[in-house]
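One structure coming up, written as structure tokens, with questions to follow.
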Amino acid sequence: MLFHSSIRRELARSFGATLVVLATIVMTMMLIRTLGQASRGVVNPSEVLLILGFTVLGYLPTLLSLSLFISIVATLSRMYADREMVIWFSSGQGSLRFLTPLLRFAWPVLLMIPVLSLLIWPWSNQQIRELRDRYERRGDIERIAPGQFQESADGNRVFFVDKESTDGQWGSNVFIAARERGTHSVTSARSARIEMVDGRRILILNKGQRLEMDQSVNRDRPIKLSEFEEYRTVIDEKRLAPLQELPARSRSTLRLLREPTPENQGELGWRIGLIFSALNLLMLALAVANVNPRAGRSGSLVFALFAFVIYYNLLNLGQSWVAAGQVTLLAWLIGLHGGVLAVAMAWLIARHQGWSWRSWLSRRPHHREASV
């Protein structure tokens, strides 16, 4: 049908533009947050873009749902404002007839959301966690940055290198403060280099001093000061240990089903809720799309965004309630998503039949007079 194809083309243009705008906003916000984490040493600065990509990929189900919701509301509101709906309704068609073109347009998006929420969401979270964990457990030499004080992985050493070579194997003006076995030592050297001896990495300090102080209760022990032409020490290689227990958001959906703990049930309810919310928002968009001449064209869009924020916050609230054991997963899914679907369908049927509160209230006095 020509009318259906024109609606789908307009929806496609609106959906694409909305998705680009929302994705740009989210990427900007996530980039600022990731750069802040990189400046605090939480993530590797060279992996900022990689973490940003995984983060945006995890948020795609929400972006797709919101973009679809906004595009439907904006398109139908424009049709109401331009009086195109008058032609549609005068031909004997109602609001429910719009479900066919809307579903024919939205079915690829509605199929992508389950894949993204059930598979891609936990996978992206797991990748981000592995990148952060690997950077946190990196070796002491990898932590050294020229011109910056850096702490070792175990917190017992502080390093400072004024300058270093491009390959990271040589440095000048080296400072090392360490706490080992009740002894505090401060070592400084003019230069340092790294060599491989018998498969081990050896740090060689040249022309420096070493100050050792005993941190025990007995303070009468002397301070030991020594000078050296060359000082060698083995660099402790910190091997990557197996990852600790993954949080619920990084566990696969299959594992959540096999281990029905309250925490896993809450995360599972969140993922399933993203799927149900996409369909419910489509119904709700068709119901709320309208133009009030007094409120302007943006009135329905503002109301739609307000409804989305409430729905999204209820998803987060339900996840915490299920994880805390205050409500069961099935009861929450039926109560929230079933309730929203019932409200949207009732609203849509009322719009389709032309029912309104004003017409219902205007009939009541007439019935009373007739009965009298």
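Atom set for the values below is all heavy atoms of this structure, side chains included, hydrogens, waters and symmetry mates excluded.
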With a 4.5 Å cut-off on side-chain heavy atoms, are Phe228 and Thr187 touching?
yes
Treating Asn125 as the side-chain partner and Arg249 as the backbone partner, does any N or O pair qualify as donor plus acceptor under 3.5 Å?
yes
Taking every non-hydrogen atom, the tightest pair across Ser117 and Pro122:
O-CD, 3.8 Å
Arg132 bridged to Glu130 by N-O distance under 4.0 Å
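Salt bridge: no.
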Evaluate the criterion side chain to side chain donor-acceptor pair (under 3.5 Å) for residue pair Gln126 and Arg251; output intermediate values, then yes/no.
CA-CA 8 Å; Gln126 184 176 1; Arg251 300 169 189 168; over 6 Å; no
Under 3.5 Å: donor-acceptor pair, side chain of Thr34, backbone of Leu31
no
Which atom names give the shortest non-hydrogen contact between Met112 and Leu64, and what distance separates them?
CE-CD1, 4.1 Å
Taking it one step at a time, do Thr55 and Arg33 satisfy side chain to side chain contact (heavy atoms under 4.5 Å, CB included)?
CA-CA 11 Å; Thr55 304; Arg33 189 180 72 174; 4.1 Å; yes
Donor-acceptor under 3.5 Å (Asn280 side chain, Val340 main chain):
no
Are any non-hydrogen side-chain atoms of Asn206 and Glu229 less than 4.5 angstrom apart?
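They are not in contact (no side-chain heavy atoms under 4.5 Å apart), so the answer is no.
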Do Leu99 and Val73 sit in the same hydrophobic cluster, where Ile, Leu, Val, Met, Phe, Trp and Tyr count as joined when their side-chain heavy atoms come under 4.5 Å apart?
yes
Donor-acceptor contact present, side-chain Ser124 to main-chain Trp121, <3.5 Å:
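Side chain of Ser124 to backbone of Trp121, a donor-acceptor pair under 3.5 Å: yes, one is there.
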Any chance the rings of Trp270 and Phe276 have centres within less than 6.0 Å?
no
Between Gln319 and Leu315, does the side chain to side chain contact (heavy atoms under 4.5 Å, CB included) criterion hold? Intermediate values first, please.
CA-CA 6 Å; Gln319 181 184 9; Leu315 283 176; over 6 Å; no
Surrounding CZ of Arg255 (heavy atoms of other residues, nucleotides or ligands, distance under 6.0 Å), is the total greater than 12?
yes
Pro247 side chain reached by Glu267 side chain, heavy atoms, under 4.5 Å
no
How close do Leu57 and Trp123 get, counting heavy atoms only, and between which atoms?
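In terms of heavy atoms, the two residues are closest at CD2-CZ3, 3.9 Å.
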Thr18 side chain to Phe15 main-chain N or O, any donor-acceptor pair under 3.5 Å?
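Not confirmed, Thr18 side chain does not pair with Phe15 backbone.
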Inspect the contact between Lys207 and Glu227 and indicate whether a charged nitrogen and a carboxylate oxygen are less than 4.0 angstrom apart.
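Not counted as a salt bridge, because no side-chain N and carboxylate O are separated by less than 4.0 Å.
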Aromatic ring proximity Phe308/Tyr311, centre distance under 6.0 Å
no
Please report the interatomic distance CE(Met27) to CD1(Ile32), rounded to the nearest 0.5 Å.
12.0 Å
Please answer whether the main-chain N or O of Leu274 pairs with a side-chain N or O of Ser277 as donor and acceptor at a distance below 3.5 Å.
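Checking the backbone N and O of Leu274 against the side chain of Ser277, a donor-acceptor pair under 3.5 Å is found.
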Judged by modelled atom types alone, do Thr261 and Asn264 share a side-chain donor-acceptor pair under 3.5 Å?
yes
With hydrophobic residues grouped by side-chain heavy-atom distances under 4.5 Å, do Trp347 and Ile310 end up in a single group?
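Trp347 clusters together with Ile310.
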Candidate pair Ser188 and Val174, rule side chain to side chain contact (heavy atoms under 4.5 Å, CB included), full reasoning
CA-CA 6 Å; Ser188 61; Val174 180; over 6 Å; no
Quick check: closest heavy atoms across Leu284 and Phe69, and the distance to 0.1 Å?
C-CE1, 4.1 Å
Quick check on the hydrophobic clustering: are Tyr59 and Val20 connected, directly or via other members, by side-chain heavy-atom contacts under 4.5 Å?
no
Leu102 and side chain to side chain contact (heavy atoms under 4.5 Å, CB included): which partner among Leu11, Thr75, Leu68?
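Single side chain to side chain contact (heavy atoms under 4.5 Å, CB included) partner of Leu102 among Leu11, Thr75, Leu68: Leu11.
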Working to the nearest 0.5 Å, report the span between CD of Glu47 and CD1 of Ile128.
11.5 Å
Distance in Å, Leu279 CG paired with Leu103 CG, rounded so as to fall on 0.5 Å steps
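Rounded to the nearest 0.5 Å, the CG-CG separation comes out at 7.5 Å.
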Taking atom CG of Leu282 and atom CD1 of Ile72, what is their separation to the nearest 0.5 Å?
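Between Leu282 CG and Ile72 CD1, I get 4.0 Å after rounding to 0.5 Å.
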If hydrophobic clusters are built from ILVMFWY residues whose side chains come within less than 4.5 Å, do Ile25 and Leu60 share one?
yes
Evaluate Ser185 against Arg210 for side chain to side chain contact (heavy atoms under 4.5 Å, CB included), listing each step before the verdict.
CA-CA 7 Å; Ser185 64; Arg210 179 177 175 86; 3.6 Å; yes
Give a yes-or-no answer on whether the side chains of Ser250 and Arg129 include a donor-acceptor pair shorter than 3.5 Å.
no
Minimum-distance pair of heavy atoms, taken over all atoms of Ala278 and Ile113
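Where Ala278 meets Ile113 most closely, the heavy atoms are CB-CD1, 3.4 Å.
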Quick check on the hydrophobic clustering: are Phe306 and Leu22 connected, directly or via other members, by side-chain heavy-atom contacts under 4.5 Å?
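In one cluster: yes.
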To the nearest 0.5 Å, atom CZ of Arg271 lies from atom CG of Leu116 at 12.5 Å
Minimum heavy-atom separation for Ala23 to Leu63, with atom names?
CA-CD1, 4.3 Å
